[in-house]
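A short worksheet on the structure shown next.
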Amino acid sequence: MDNTLKTKLLWKGSPRALAFDEAGIQEKLANTDQNCFVVKDFAGRIGITNEGEITSDGNWLELLAVAPAVGPEDLGDATFRQDYNIKYCYKTGAMANGIASANLVISLGKADLLGSFGAAGLIPSRVKEAIDQIQRELGDRTYAFNLIHSPTEKALEEGAVKLFLENNIRVVEASAYLDLTEHIVHYRAAGLELDADGKIVIKNKVIAKLSRKEVAGRFMSPATDKFLKPLLEAGKITQQQYELAKKVPVADDITVEADSGGHTDNRPLVALFPTIINLRDEIQEKYQYDKKIRVGAAGGISTPASALAAFMMGAAYVVTGSVNQACVEAGTSDYVRKLLANVASTDVIMAPASDMFEMGVNLQVLKRGTLFGPRAKKLYEYYTRFEGIDEIPTDEREKLEKTIFKMPMETVWQHCVDFFNERDPEQIERAQNNPKRKMALIFRWYLGLSSNWANSGNPDRTSDYQIWCGPAMGAFNDWVKGTHLENYENRNASEVAENIMQGAAYLYRINTIKVQGVKLPSSVEQPKIIEKKAESISN
């Protein structure tokens, strides 16, 4: 063995710089942007300091452990921060129906953090309002808009891309994709050009959130002629963009989504994440991209410990979701915020998704305080049993109308007609002579509005609130219990982000010291919640 490894290391510095009491020790540990030295004095006491230097000569104090300066800005892939011009490798996910509101995105953006507006489920005029507000408030700061896959309403996805291109939206968070579509490829290819040196410039960035290896492979690979040729022939992209799109991946970043709120496959991050990392490396070897695709982590991220765990697995960045819905900037009701602030990790349930109802796709929602989950499952049961609403036995149909719809189904159908005539008339045309399709739209009326009822705080529909939520919400509540963040009225998205990232850096320091064989007082092993409340934008 190298003899230098056997050399006894000493700490050289002023004894006045050492802290021996628990409060002083925690303060030194919390200075994560400074080096940390753990020493033993001549009386056998263990002290900690951020000052001094290491030596092997002289009559100095014994050095037990060293933790280098690693602040929250050092966690993750530095290029993620640089490319999006943000201070941490941290972003918030796009909760649909504007729950990830313009106010939330603006609040995060002003704190130099990346937020994604929840455009899914909103009509184009509402999305345009958000675009105008966010661009007016944030200017050159980075923000993202959600582009959700809509297999049953393709016009919505196409319309969203058209709106984003017209308004120079430079970052989209692509979610719920089962495969690539012409629309996401259009967005990507339309932002490609060459600079003066002949290098490819990617103006339209894509952050793809997914949980399936086969889908990840498609986003990590260049777009194929299956999508590019129709775009070229339709004049939606130029010949140059057609050629350049074959040389770059569809996505810049891949967010590996584990057990999360909303659309989820409930997959464990520790199993899924390494699989996607390995796939990324294989594809990089194949295509030799100038810039390696980054892989981030989402689902279950709500505490310093969970964020650090993701970073230690190699995550380029982390994404939070459920916890932001309980923040004051979220586009939901105080009733929902208060409910979320009291849930446990077990208070969740899987239920049918409105946008992919006919496909049997589920999402994760809150179970506590609402009957939405079991009622939504009952509707899907009827959908699989019958070919139309006329086949449903009279007594069962009357029960549905009384307990779930609170009106005759034909009245619900008329609401559907009015809704889709403004949003996507083809949906009504497809259902006119298709009783099962008509039944699906009627059932989706309930599934779709249940989220809106929760967001608006409709007092007549509290038992029908659809609240997207994962187990991470309960973990967050456990973590902040006894602090000012326990009260939902004190929760600001940027402050939550700051505490998670600062806490993750603190825990990294603690673990670095512990693996060197030093036992610290249990009272200092967890980071303290930062009491200073960040400035926020109210709803």
Side-chain angles (χ1 to χ4, degrees), residues 76 80 89-96 100 116 118 120-121 144 146-152 157 172-181 184 206-221 249-283 293-302 306-307 309-325 345 348-357 359-365 468-473 475:
F80 185 82
C89 293
Y90 177 104
K91 74 176 291 293
T92 61
M95 295 170 286
S116 183
N146 184 215
L147 178 62
I148 195 167
H149 180 40
S150 304
T152 59
E157 191 178 333
V172 300
E173 181 181 33
S175 61
Y177 276 80
L178 304 175
D179 199 348
L180 291 181
T181 68
I184 184 63
V206 174
I207 303 174
K209 186 166 63 175
L210 45 83
S211 57
R212 293 178 180 270
K213 182 179 178 180
E214 67 275 13
V215 179
R218 294 179 186 119
F219 273 97
M220 291 178 178
S221 302
V250 176
D252 303 274
D253 301 283
I254 299 294
T255 302
V256 178
E257 184 178 26
D259 190 12
S260 65
H263 293 92
T264 181
D265 286 325
N266 303 113
R267 299 193 179 186
L269 189 65
V270 292
L272 180 61
F273 189 84
T275 299
I276 303 301
I277 284 286
N278 290 338
L279 177 64
R280 186 275 309 274
D281 292 344
E282 291 173 8
I283 290 177
I293 298 168
R294 293 172 295 238
V295 181
I301 310 295
S302 63
S306 55
F311 285 127
M312 295 306 291
M313 281 198 297
Y317 58 95
V318 294
V319 181
T320 57
S322 299
V323 295
N324 301 306
Q325 189 174 189
S345 295
V348 292
I349 188 174
M350 297 300 292
S354 173
D355 56 344
M356 302 182 187
F357 177 75
M359 302 167 65
V361 174
N362 289 318
L363 39 67
Q364 193 157 215
V365 298
W468 301 310
C469 181
M473 189 72 251

Given the rule in the side chain to side chain donor-acceptor pair (under 3.5 Å) test, do S260 and E257 qualify, once you have shown the distances and angles that lead to the verdict? CA-CA 7 Å; S260 65; E257 184 178 26; 2.7 Å; yes
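Side-chain contact between I207 and K91: present, with at least one pair of heavy atoms (C-beta onward) separated by less than 4.5 Å. Side-chain contact between I254 and I276: present, with at least one pair of heavy atoms (C-beta onward) separated by less than 4.5 Å. Counting only heavy atoms from C-beta outward, the side chains of L279 and T275 never approach each other to under 4.5 Å. By the 4.5 Å heavy-atom criterion applied to side chains, P268 and F273 are not counted as neighbours. Residues M359 and L178 have side chains in contact (heavy-atom distance under 4.5 Å, counting atoms from C-beta outward). Counting heavy atoms from C-beta outward, L269 and M313 have side chains that approach closer than 4.5 Å. Inter-residue side-chain proximity for M473 and Q325 is flagged as unmet; no heavy-atom pair is nearer than 4.5 Å. In this structure, the side chains of R218 and V250 stay at 4.5 Å or more apart for every pair of heavy atoms.
If you take CD1 on I184 and CD1 on I148, they are separated by 12.0 Å, rounding to the nearest 0.5 Å. L180 CG to S221 OG: the interatomic distance, rounded to the nearest 0.5 Å, is 8.5 Å. Rounded to the nearest 0.5 angstrom, K209 NZ and D253 CG are separated by 13.5 Å. Rounding to the nearest 0.5 angstrom, the gap separating the OG atom in S322 from the CE atom in M95 is 8.0 Å. Between atom CD of residue E157 and atom CG of residue L147 there is a gap of 5.5 Å, rounded to the nearest 0.5 Å.
Smallest separation of non-hydrogen atoms from G314 and I277: O-CD1, 4.4 Å. In terms of heavy-atom proximity, N324 sits nearest to Y90 at OD1-OH, 4.3 Å. Smallest separation of non-hydrogen atoms from A251 and I293: O-CG1, 4.0 Å. The minimum heavy-atom distance between V348 and Q364, with the atom names listed, is CG2-OE1, 3.3 Å. Between G93 and A100, the shortest heavy-atom distance links the atoms O-CB, 3.8 Å. The two residues P352 and F357 make their nearest non-hydrogen contact at CB-CD1, 4.0 Å.
Salt bridge R267/D259: absent, no basic N to carboxylate O contact under 4.0 Å. The pair R294-D252 does not count as a salt bridge, with every side-chain nitrogen at least 4.0 angstrom from each carboxylate oxygen.
Side chain of T264 to main chain of L363: no donor-acceptor pair is present (N/O by atom type, distance under 3.5 Å, no hydrogens or angles). A donor-acceptor distance shorter than 3.5 angstrom exists from the side chain of S302 to the backbone of A472, with no hydrogens or angles considered.
A distance below 6.0 Å separates the ring centres of Y177 and F219.
Using modelled atom types and a 3.5 Å distance limit, the side chains of S175 and N146 yield a donor-acceptor pair.
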